[in-house]
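Scroll down for the structure; my scribbles are underneath it.
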Amino acid sequence: MSKIKYQIVATGFGGQGTVFLVKLLSICALHNGVECLGTENHGMSQRGGTVVTDIKIGDFYTPVISLAQANLMIGLHPEEALRVVQYLSPSGAIVVNAGKDFPKLNHPTYRLDAFHLAEKGVFNIQALNIFMLGFAISHVSDFPFSVREIEGAIYEINPKIAPMNLEVFHLGLSQSP
Amino acid sequence: MKRILLGNEAIAWGLINSSVDVVSGYPGTPSSEILSTYQFIQRQFNIEAFAEWSTNEKVGFEVAYAAAVANKRSCATMKQVGLNVASDALMSAAYIGNKGGFVLVVTDDPGFYSSQTEQDSRMVAKQARIPVFDPANPKEAYHFTRHAVELSEKFETPVMLRSLLRVCHSRQIVEIEEPDFKPREGKFVKDVSRWAALPRKTRLIQAYQQMERIQELTQYNWEKLIKPKTLGLKPGKLLILTAGTSHNFVLETMESLELAFDVLKLDMPYPLPIKEIRSLFDGYEMVLVVEETTPLIEEQILTSKVKGKLSGDMHLVDEMTNDKLLKAFQKIGVYQGENIYPNLPYQGEIPDRVPKLCAGCPHRDVYFALKKVFKRRAVYPSDIGCYTLGINQGVIDTVLCMGGSIGMAIGFSVAKIKKPIVATIGDSTFLHAGIPPLITAIYTKQKFVLVILDNSTTAMTGRQPTAEQSPQIDIKKIVEGLGLQVLEYVYENQMEKTVDFFKAVQKHSEESELPTVALVREFCVLDKPMMLEKPLPGQFATVDQDLCNSCKRCMVEFNCPPFYWNDNKKIEIDPNFCVGCGACMNIVCPTDAFIGDDR
């Protein structure tokens, strides 16, 4: 575990909760005794603008993910996902909330139309971030943290709403691309 | 204890664990969480302290500085452009000095993520002749804050902690001590020759003392901070001097490119022991300086061996990245390998996503109504805050600085531009820097409309409370105190009422030879207590597809986030994002296509 080096770029637009993902994964790192660096946008970018957050797990120096380095991208919106593909390493995986028209890219891609599922009432759109994280973990084989570790972090971050968040997380886990 | 801390949280912990018990400042990204985290810890550990926002950075500085003159340990916090506002006080305080430790925390924003400028606050420290720390990450932010307080007390000088966006808003696991809070006793010892030093005689004495102090600090920097790090240096091809976050980029790029050069990090980039540092250059072919944002170190230690921004080898604008460093290594000839940071963006078209006012925000209605009443012809100076996003609705022509809308309205009036002038400013910005220009406008008899958008919070930076939380402070009374009649409107989601109000404002302005002040009482949809007290009406909207004639007026003039073009080239409302404010169902659509959504 100590040798792990894993870089995740999470993106969406303001209000979708990408910053929450950084908090969640950094808690997992703390409990695993792994170093972790994260960086996020505040201020203007939270008014519906593009929000890009970087999470680097393991021994890194800067929290900023460089071009062509990320192992995984979690895109909460298709356009925002396309905007940051240059940060993925050639083998880096894409987990994206997008419809069938999402273009074919030269990366392993796990696509889920979460907006559609939310409209059908499968889950509450407010918890899109946790839903997509669940989906990511069930499909990305090299994800650095286990389901149980994430569950623990979800509980720690806010015990009050944890039951609701855990339910959405498990719904995300059970989705197929 | 080990904690995951945001850089700003680490700074707050550094203050707590230095027994700093006076913290004051003005919010501004990326600095805002420092004071709010301090308040959070204060409540958590039941710590008795003063941690409050001031009306502006200058006041914030003066409050904290005076507390340190009175023996307290204190901190003033602000963003880089806020330091411009506080610099009058700083330049003078730098001569006079302080008793208790006084740390000035200033946060810079290379890359213009949420600022008007990319200025380097370390340059201001150099101009003021005060030492400046430049932390690289949250861990250092914590330790350097503590160091800055100690150093300030030891040398009786303000000390700056310059933090960068990538420290303030980066998260890291930081080991911190349990709070052991022992604040200093407040006491003011009279010493007129020091605290009220006047030009020319006493100030001259202080200037010589300041020079001595900076000499001692230079020596301190060498002996304590730099020299211990030089023992491992082995002269060779290249020595890299770094500071702040640039250090991380250098180490990471070198590791990735499998390069190994000596790196010397300067924790305190001013004042530098220039002779000692230059003597380290012996034996190296080249010296590369990597720092953000301006060449502060480079200018100080420049010799013919030095490469960096001045030599054209490092970038001058925008934030540091590993790929920029790789290019610099190529330029100076120390790396010939491949570019491991290729920039291969998606080749298709991706529509720009600009920040917008939140769905349900009353600012949107105000801007819509302003355009309806004052038309495109009017000139619209605006200001700094969420409402700057009114630019999307075509109702903002200029943005300069805090309070600049009113000063610019005066200038446009003086220039006789022969067009109506309609300035917009938020409540916090008005209190920050809007009152002096309004006074100027009145006694020089300028004619324009000033719209104060009052949502009683500093919304853009995270909803910090404004002075209006005190029942005594009311913008209406302030403006009336200047002898003006205030046209007041309590926002309603009925657009015709908003439009009628601004028609009355227009009429008033046409008949007046002075500024016309319109005060709109609003709310912030992000403010949970405010919204719990008076929730939105739950009037969700949808679009009658037969009535929509694709005129795009709603997109251009109302610009609500849930609006989008569907495949039939008609407007639709995304039900996931409509908050039910109901504002669009009235006047906004010329064909009344926005109708209630029964769900």
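Letters go in sequence order (proteins before strands), and every chain restarts at 1. The figures that follow rest on heavy atoms only: side chains count, while hydrogens, waters and symmetry mates do not.
Annotation: A/F135, atom CZ; neighbour count of heavy atoms from other residues, nucleotides and ligands within 6.0 Å is above 12. Counting non-hydrogen atoms of neighbouring residues, nucleotides and ligands closer than 6.0 angstrom, the CZ atom of B/F40 reaches no more than 12 such neighbours. Atom OH of A/Y155 has 12 or fewer heavy atoms from other residues, nucleotides or ligands within 6.0 Å. Sparse packing is recorded around NE2 of A/H116, with 12 or fewer heavy atoms of other residues, nucleotides or ligands lying under 6.0 Å away. In the displayed structure, A/N106 atom CG is contacted under 6.0 Å by at most 12 heavy atoms of other residues, nucleotides or ligands.
Note that CG of B/L165 is 6.0 Å distant from OG1 of A/T39, once rounded to the nearest 0.5 Å. For the atom pair CD of A/E79 and CD of B/E349, the computed distance is 11.0 Å after rounding to the nearest 0.5 Å. A distance of 13.5 Å separates OG1 of A/T53 from NE2 of B/H169, quoted to the nearest 0.5 Å. Here the CG-CG distance, from B/N576 to A/N124, works out to 9.0 Å after rounding to the nearest 0.5 Å. The CD atom of B/Q172 lies 13.5 Å from the CZ atom of A/F60; values are rounded to the nearest 0.5 Å.
With a 4.5 Å cut-off on non-hydrogen atoms, B/P345 touches chain A through its backbone and its side chain both. For chain A, the nearby parts of B/D352 are the backbone and the side chain; heavy atoms of each come within less than 4.5 Å. Proximity to chain A (any heavy atom under 4.5 Å) is shown, for B/P561, by neither the backbone nor the side chain. Of the atoms belonging to B/D323, it is side-chain heavy atoms, and not backbone ones, that fall under 4.5 Å from chain A. Only the side chain of A/I125 comes within less than 4.5 Å of a heavy atom of chain B; its backbone N, CA, C and O stay farther away. Looking at A/Q126, there are no atoms closer than 4.5 Å to chain B (heavy atoms on both sides), in backbone or side chain. Neither the backbone nor the side chain of B/K79 comes within less than 4.5 Å of any heavy atom of chain A.
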- Message: What verdict does the side-chain contact (heavy atoms from CB on, under 4.5 Å) test give for A/V64 and B/M320, after you've listed the backbone C-alpha separation in whole Å, the side-chain angles of each residue and the deciding distance to 0.1 Å?
- Response: CA-CA 10 Å; A/V64 182; B/M320 187 74 67; over 6 Å; no
Distance-only check: which donor-acceptor pairs under 3.5 Å involve side-chain atoms of residues 21-30 of chain A, not counting sequence neighbours?
{"from": "A/S26", "atom 1": "OG", "to": "A/V22", "atom 2": "O", "distance (Å)": "3.0"}
{"from": "A/S26", "atom 1": "OG", "to": "A/K23", "atom 2": "O", "distance (Å)": "2.8"}

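Your options are B/V354, B/T245, B/N343, B/T321, and the one with the most heavy-atom pairs under 4.5 Å with chain A is B/N343.
Nearest heavy atoms, A/Q69 versus B/I340: NE2-O, 3.2 Å. Counting all heavy atoms, side chain and backbone alike, B/I173 lies closest to A/E35 at CD1-CA, 4.4 Å.
Of the possible donor and acceptor atoms, one in the side chain of A/R83 sits under 3.5 Å from a partner among the backbone N and O of B/P351. Judged by distance alone, the side chain of B/E252 and the main-chain N or O of A/P63 form no donor-acceptor pair under 3.5 Å.
Contact annotation: the side chain of B/H247 never approaches that of A/Y61 to less than 4.5 Å [non-hydrogen atoms, C-beta and beyond]. B/Y346 is listed as a side-chain neighbour of A/P103, based on a closest heavy-atom distance under 4.5 Å.
Donor-acceptor pairing under 3.5 Å is lacking for the side chains of A/T50 and B/R353.
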